[in-house]
Number of protein chains: 2
Amino acid sequence: MSSVVDDGDLTARAGIRNAALRLFAERGHDAVTVREIATAAGVSPALVVHHFGSKDGLRAAVDTHAIDAFDRVFAELDDHDVAEMLTGGEATTSVAEAFSRMLPPGSPLPAYLRRLLLTNDPAGAAIFGRWFGATRRLLDAMVTLGAARPSDDPDVLAAFLLVNDLAVILLRNQIATAIGDDPLTPAGLDRWAKQATAVYLEGAFAAPPAQPPEAALNKPNAPIEPPEEAPS
Amino acid sequence: MSSVVDDGDLTARAGIRNAALRLFAERGHDAVTVREIATAAGVSPALVVHHFGSKDGLRAAVDTHAIDAFDRVFAELDDHDVAEMLTGGEATTSVAEAFSRMLPPGSPLPAYLRRLLLTNDPAGAAIFGRWFGATRRLLDAMVTLGAARPSDDPDVLAAFLLVNDLAVILLRNQIATAIGDDPLTPAGLDRWAKQATAVYLEGAFAAPPAQPPEAALNKPNAPIEPPEEAPS
DNA sequence: CACGATGCTGAACAAGCGTTTAACATACTG
DNA sequence: CAGTATGTTAAACGCTTGTTCAGCATCGTG
């Protein structure tokens, strides 16, 4: 056993990249030092720079590696979705489900996706744009096949469905403590999918009993963060 | 004019806290230096430490300040929601709507909430837990009033509705470029609320035309991230 | 007026950071 | 076998970081 992380027979380069992926995902780029990455990978700090040029070069390599994996997951999901639609299976297949199915349980990739979308990183914007386009196209296909109701604002509807899916990954930890199941495990995923499917098929709310329609709307509220705040 | 930021007549202490709030929200705690905060607030770096003890003390002060504002927004939303429910107004009132209504347009608070929820910060976990409890109680109330359909897993349903709402704030920038409207402005919010309300009232998908019910389910897929990866 | 708080600063410090450099193995190549 | 890439390291460098310190105004209070 070398130390710290048992990577099997990985190249040192790949080992560094994987260690960096995990640490970046857990704590963010800036909070992780080159020395920590090197220790986690069982190599010297100088080797990190030798292989990736600089810490930022390593960041870029990790980014492309992760984005590649993400797009493979999403592509798989896309096919799966169309197949399910055609065979009359479940109504929806979620990004979260694809992540849970295709990634090993302890994978740092969900957390890395969170960091990628959180920082206003152009790579995160690019991946979101691609996924939005795919969702939009899928929604159109479902409408023409009669599997989804047509909308007067399909862009917003597609974005709504996509971000609802992504929220499961972004807020994974909070959801887990709230409902008592990690939503990226089969058990949690099942509970989540049941409720989501129900809402997407029938809705969640009912129109109120029957009363005067326009009542208290647009009453102005005092802003909570006025231009000048009380000094603490 | 002093410099950089015109804060009106703020205490230096409050000015530092506000500058830190904005910088932390934009770039994250670790990527911001004490010197940058001091410059943005128009004071010397030493004064930052003098008022808050340390950079981490400043972080804590900013945290409590922000969390206080968040909870005020959410409490307002809660009241508003109940009121709307009773008067038979709109079916839903979203967290995003409350943020948009109660915060000035350029406020750093949405971005700070994003950082708080996505960095596994215990403060973020606490605020999510509180909001989840409130959502759960609101959902129960709506069910007894006949405004929401009863669910066999109300915890998950409440979490689903809450994280869908939060996703608008978390992915604000990506949504803005995807749909062409910032979802925290009145225009974008209106488009978003229309689609969300439609889905929550009637659903988004239709049951497939009518076909064999169980078809291709649980077919095993090759994991995309095998234990040992190809060295790049 | 004296005087202790209070607010605030410039200069400096130790520590930690990313990175560089020179050197050492190891292994393929002619 | 010499020679040259390749992988790897220990040690050090320069810079930035958070923080400290001594001192300067300002000001309400006895």
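Every chain is numbered from 1 and lettered A, B, ... according to where its sequence line falls, protein lines coming before strand lines. Keep in mind the model is a prediction, meaning the values are calculated, not measured. Hydrogens, waters and symmetry mates play no part in the numbers below; they use all other heavy atoms, side chains included.
Proximity of A:His50 to the phosphate of C:dT20: no side-chain N or O atom is located under 4.0 Å from OP1 or OP2.
Between A:Lys55 atom NZ and C:dC17 atom P the separation is 9 Å, expressed in whole Å. For the pair B:Asp30 CG and D:dT16 C1', the computed distance is 15 Å after rounding to whole Å. Rounded to a whole Å, the CG atom of B:Leu47 is 19 Å from the P atom of D:dA22. Atom NE2 of B:His51 is separated from atom P of C:dC8 by 5 Å (rounded to the nearest Å). Between A:Glu36 atom CD and C:dG18 atom C1' there is a gap of 13 Å when expressed in whole angstrom units. Counting to the nearest Å, the P atom of D:dT19 and the CD1 atom of B:Ile16 are 14 Å from each other. Distance CG (B:Leu23) to P (D:dG18): 12 Å, rounded to an integer number of Å. Atom-to-atom, CZ of B:Arg13 to C1' of C:dT6 comes out at 14 Å; the value is rounded to the nearest Å.
Ring geometry for B:His29 versus B:Phe24: interplanar angle over 60°, hence perpendicular rather than tilted (30 to 60°).
The side chain of A:Val49 approaches C:dT20 more closely than any other nucleotide in the set C:dT20, D:dT9, D:dT8. Proximity note for B:Ala46 (side chain, C-beta onward) versus C:dA12, D:dT8, C:dT9: the nearest is C:dT9.
Contact of the A:His65 side chain with the A:Val62 side chain is not registered, since no non-hydrogen atoms from C-beta on lie closer than 4.5 Å.
Heavy atoms of A:Val32 sit under 4.0 angstrom from primed sugar atoms or phosphate atoms, though from no base atom. At the heavy-atom level, A:Thr33 lies under 4.0 Å from the strands shown only through sugar-phosphate atoms.
Side-chain atoms of A:Lys55 come within 3.5 Å of backbone atoms of A:Val32 as a donor-acceptor pair (strictly under, hydrogens ignored).
Interatomic distance, CG of A:Leu161 versus CG of A:Leu138, reported as 9.5 Å (0.5 Å rounding).
Between the base of C:dG16 and the side chain of A:Arg35 there is no donor-acceptor pair shorter than 3.5 Å.
For A:Phe160 and B:Tyr200, the ring centers sit closer than 6.0 Å to each other.
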